[in-house]
Amino acid sequence: MTETEAKELFDQIDTDRDGQINIVELANHFKREGHQGKLKEKVKAALEADANHDRVIDFNEFQQMVK
Ligand SMILES: [Ca+2]
Ligand SMILES: [Ca+2]
């Protein structure tokens, strides 16, 4: 994934546009993608990208995740 593609995806998930993806935004994203069944697991897996443990994914952490 290129940086531009990553940024586009990041902006899609970051619905309140604060430059960070929080748990609610992650959950909504996976719901839109149709992953309700494994929502908790998906969010938990995504939060493993939260390198500085502030419970939100910033763009640097996101890039590591989608690399
Ligand atoms: Ca956000
Ligand atoms: Ca973080």
Side-chain angles (χ1 to χ4, degrees):
M1 187 179 275
T2 66
E3 188 169 339
T4 311
E5 287 168 341
K7 186 79 177 89
E8 275 173 18
L9 183 58
F10 187 88
D11 286 344
Q12 272 176 37
I13 303 173
D14 180 24
T15 47
D16 67 2
R17 303 280 157 136
D18 67 350
Q20 297 176 319
I21 296 174
N22 62 33
I23 292 171
V24 175
E25 288 168 341
L26 271 177
N28 286 337
H29 170 67
F30 290 131
K31 268 186 217 161
R32 281 197 302 270
E33 299 241 299
H35 295 299
Q36 277 100 329
K38 291 181 175 170
L39 197 58
K40 267 187 192 168
E41 286 87 345
K42 286 269 176 191
V43 171
K44 215 176 148 190
L47 278 175
E48 280 173 18
D50 177 24
N52 65 356
H53 301 289
D54 60 357
R55 310 296 288 168
V56 291
I57 310 290
D58 63 30
F59 186 58
N60 284 333
E61 290 165 345
F62 184 77
Q63 271 188 306
Q64 295 302 312
M65 186 168 91
V66 296
K67 225 175 188 179

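Around atom CD of Glu5, more than 12 heavy atoms belonging to other residues, nucleotides or ligands sit under 6.0 Å away.
One distance of note links CG of Leu39 with CD of Glu33; it measures 11.5 Å at 0.5 Å rounding. Here Arg55 contributes atom CZ and Asp50 contributes atom CG; the two are 7.0 Å apart, rounded to the nearest 0.5 Å. Rounding to the nearest 0.5 Å places OG1 of Thr15 at 9.5 Å from CD1 of Ile13. How far CD of Glu61 is from CD1 of Ile21: 10.0 Å, rounded to the nearest 0.5 Å. With values rounded to the nearest 0.5 angstrom, His53 atom NE2 is found 10.0 Å from Glu48 atom CD.
Two residues are said to be in side-chain contact when any heavy atoms from C-beta on lie closer than 4.5 Å; Lys44 and Leu47 fail this criterion. Looking only at side-chain heavy atoms (C-beta outward), Met1 and Leu9 come within less than 4.5 Å of each other. Side-chain contact between Lys67 and Gln64 is present, with heavy atoms from C-beta onward closer than 4.5 Å.
Note on Met65 and Phe59: same hydrophobic cluster, where clusters join Ile, Leu, Val, Met, Phe, Trp and Tyr whose side-chain heavy atoms are under 4.5 Å apart, directly or indirectly. Under the 4.5 Å side-chain heavy-atom criterion for ILVMFWY residues, a single connected hydrophobic cluster contains both Val66 and Phe10.
Of the possible donor and acceptor atoms, none in the side chain of Gln63 sits under 3.5 Å from a partner among the backbone N and O of Asn60. Side-chain atoms of Glu25 do not come within 3.5 Å of backbone N or O of Asp14 as any donor-acceptor pair. Asn28 places no side-chain N or O within donor-acceptor distance of the main-chain N or O of Arg32, the cut-off being under 3.5 Å.
Between Phe62 and Ile57, the shortest heavy-atom distance links the atoms N-CG2, 3.5 Å.
With sequence neighbours excluded, the residues satisfying side-chain hydrogen bond (donor to acceptor under 3.5 Å, both in side chains) with Lys7 are Asp11.
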